[in-house]
Amino acid sequence: MKLKVFADRGSQPSRAVLIFCKANGIEFEEVQIQLAKGEHKSPEYEAINPMKQVPAIEVDGKFRLFESHAILRFLATAFPGIAEHWYPADVFKRAQIDSALDWHHSTIRRGSVGVVLNTTLAPLFGQPLDPQAAAEAEKLLSASLAKIESFWLKGDGPFLLGNSEPSIADLRLVCEIMQLELVDEKLQKRILDPYAKVRKWVEDTRKAIQPHFDEIHVAFFQMKEMIKKALAGAGSGETKTG
Amino acid sequence: MKLKLFVDRLSQPCRAILIFCKMNEIEFEEVRIELSKGEQLSPEFKEINPMQKVPAMKVDERFRLFESHAILRFLAGAFPGVADHWYPADLFKRAEIDSVLDWHHANLRHGSAGLVFHSKLARLSGRPLDLRAAADCEKVLSASLAKIESVWLKEEGQFLLGNSKPSIADLSLVCETMQLEALDEKVRKRLLDPHGKVRKWMDDTRNATQPYFDEIHGVLFQVKDKLKEMESDE
């Protein structure tokens, strides 16, 4: 199967898909869709993904798929030689991973995106920062991290659901939490310091998927530096009040 | 496998699971958790689902699961005799259904559930309405209905993705759109009138899952009447 992956390495779900492919020796062509340049809004890309978001994949020039969790499930089951721990065949184990992936959407994902956008990235899109939205997002994110700390990381192993090896849920959720590197250090510490198990799990997941994890995040860290410079140059940006 | 479902029929994802089990003759014990009485916050229920939400499921008194899409996938895979169209074995067809189920969370679910809760259902548990949040959710809902109309429903086939038979995605999303029955008729019409394919798809899904669809949705229509009473009392 000839695989194309449409991705922006600044995007959390894009990174999860790229890392999964690299870690499993899945050959693919990476097509960069640069969100900052609005490339996701082109008519050509809309033909690939009518929701105009990354990531998306195309198989053999004819099967297209979007939504990172659907892509990860598809890759884990459609390609040969994928180690069982990524998305086990056992219906009970698989269901628990599905549960974590579903839970993610309205908890970690929503909270993290809200924090990063409303404390840091908004000016890059010509929007004012929104402290009220940021505070609500931080509340959601903290409550969600607390659930990972107290529930999802229960058990013998270092990974979600007490597993001894990472699944697609670990990969996806850790890529999301990495995005907090874009906010200022004080805020990062405030958000993550209370959760020692979460911080250890992020490190364990990174370690388990080297060198691919760090390799895919290189562009992300370069983006972090560019954003710092861009925001410093433009002043601190307007802030929404009221 | 002895199956227990912890549900409130007022909850959209709960209804999808109940209808799925009835359609596929999966035997289960229904344990009612009444959200308007805050029963999901009890210590006993926290043992079942630490997220304190419905639906939740227990198998053979030892395997617990929450998140309705995970439950639907599990039931489709773990019970015998479930027809393939609900969650096909073909990996390409299955991936497309996964894609809809994933898209749903931040789109139709967020928009519809938020609008109905913040403008109507919050009253049932004595919570205040939040019309600003309702307005934000309505925007997401409108955009999501437009996407179902233009992307997910095709020229061929009556169901999502151009399928000729319903999948767990049709069930989950239509149970969500049914919650709009709790809104004032004028508002509901304004939201749904522009989308002829969506309205037909809702009817087709309902027809394909009778009599269980109407049976499980009965409580929603009772609540509609109760809300009318509460509002006319004010």
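Quick note on labels: first sequence line is chain A, next is B, and so on, each numbered from 1. Please read all numbers here as calculations on a predicted model, not as lab measurements.
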Check the surroundings of atom [atom1] in [X]: do more than 12 heavy atoms from other residues, nucleotides or ligands lie under 6.0 Å from it?
X	atom1	answer
Glu156(B)	CD	yes
Lys93(B)	NZ	no
Asp156(A)	CG	no
Lys53(B)	NZ	no
Lys93(A)	NZ	no
Glu25(B)	CD	no

Interface moiety of [X] toward chain B, non-hydrogen atoms closer than 4.5 Å:
X	value
Arg109(A)	neither
Phe63(A)	side chain
Thr77(A)	both

Identify which of Ser99(A), Ser68(A), Ala78(A) forms the greatest number of heavy-atom pairs closer than 4.5 Å to chain B. Ser99(A)
Go through Gln53(A), Arg94(A), His69(A), Met51(A) and name the one with the most non-hydrogen pairs under 4.5 angstrom from chain B. Met51(A)
Any donor-acceptor pair under 3.5 Å linking the side chain of Asp102(A) with the backbone of Ala70(B)? yes
Which bit of Leu91(B) comes within less than 4.5 Å of chain A, counting heavy atoms only: side chain, backbone, both or neither? both
Identify which part of Phe63(B) has an atom lying under 4.5 Å from any heavy atom of chain A, answering side chain, backbone, both or neither. side chain
Could you report the tightest heavy-atom contact between [X] and [Y], atom names first, then the distance?
X	Y	result
Met1(B)	Phe92(A)	SD-CZ, 4.0 Å
Phe74(A)	Ala95(B)	CD1-CB, 3.8 Å
Val91(A)	Phe74(B)	O-CD1, 3.7 Å

Would you please test Phe151(A) and Met51(B) for side-chain contact (heavy atoms from CB on, under 4.5 Å) and show each step? CA-CA 9 Å; Phe151(A) 173 73; Met51(B) 307 304 175; 3.9 Å; yes
Within residues 42-49 of chain A, which residues come under 4.5 Å of chain B, heavy atom to heavy atom? none
Do any of residues 125-155 of chain B have a heavy atom less than 4.5 Å from a heavy atom of chain A, and if so, which, in residue order? Arg132(B), Lys147(B), Val151(B), Trp152(B)
For residues Arg73(B) and Arg73(A), determine if any side-chain heavy atom of one lies less than 4.5 Å from a side-chain heavy atom of the other. yes
Looking only at Asn107(B), Ile97(B), Leu65(B), Leu101(B), the option with the highest number of non-hydrogen pairs under 4.5 Å against chain A is Leu65(B)
Should the ring pair His105(A) and His105(B) be called parallel, tilted or perpendicular, given that the plane angle runs from 0 to 90° and is split at 30 and 60? parallel
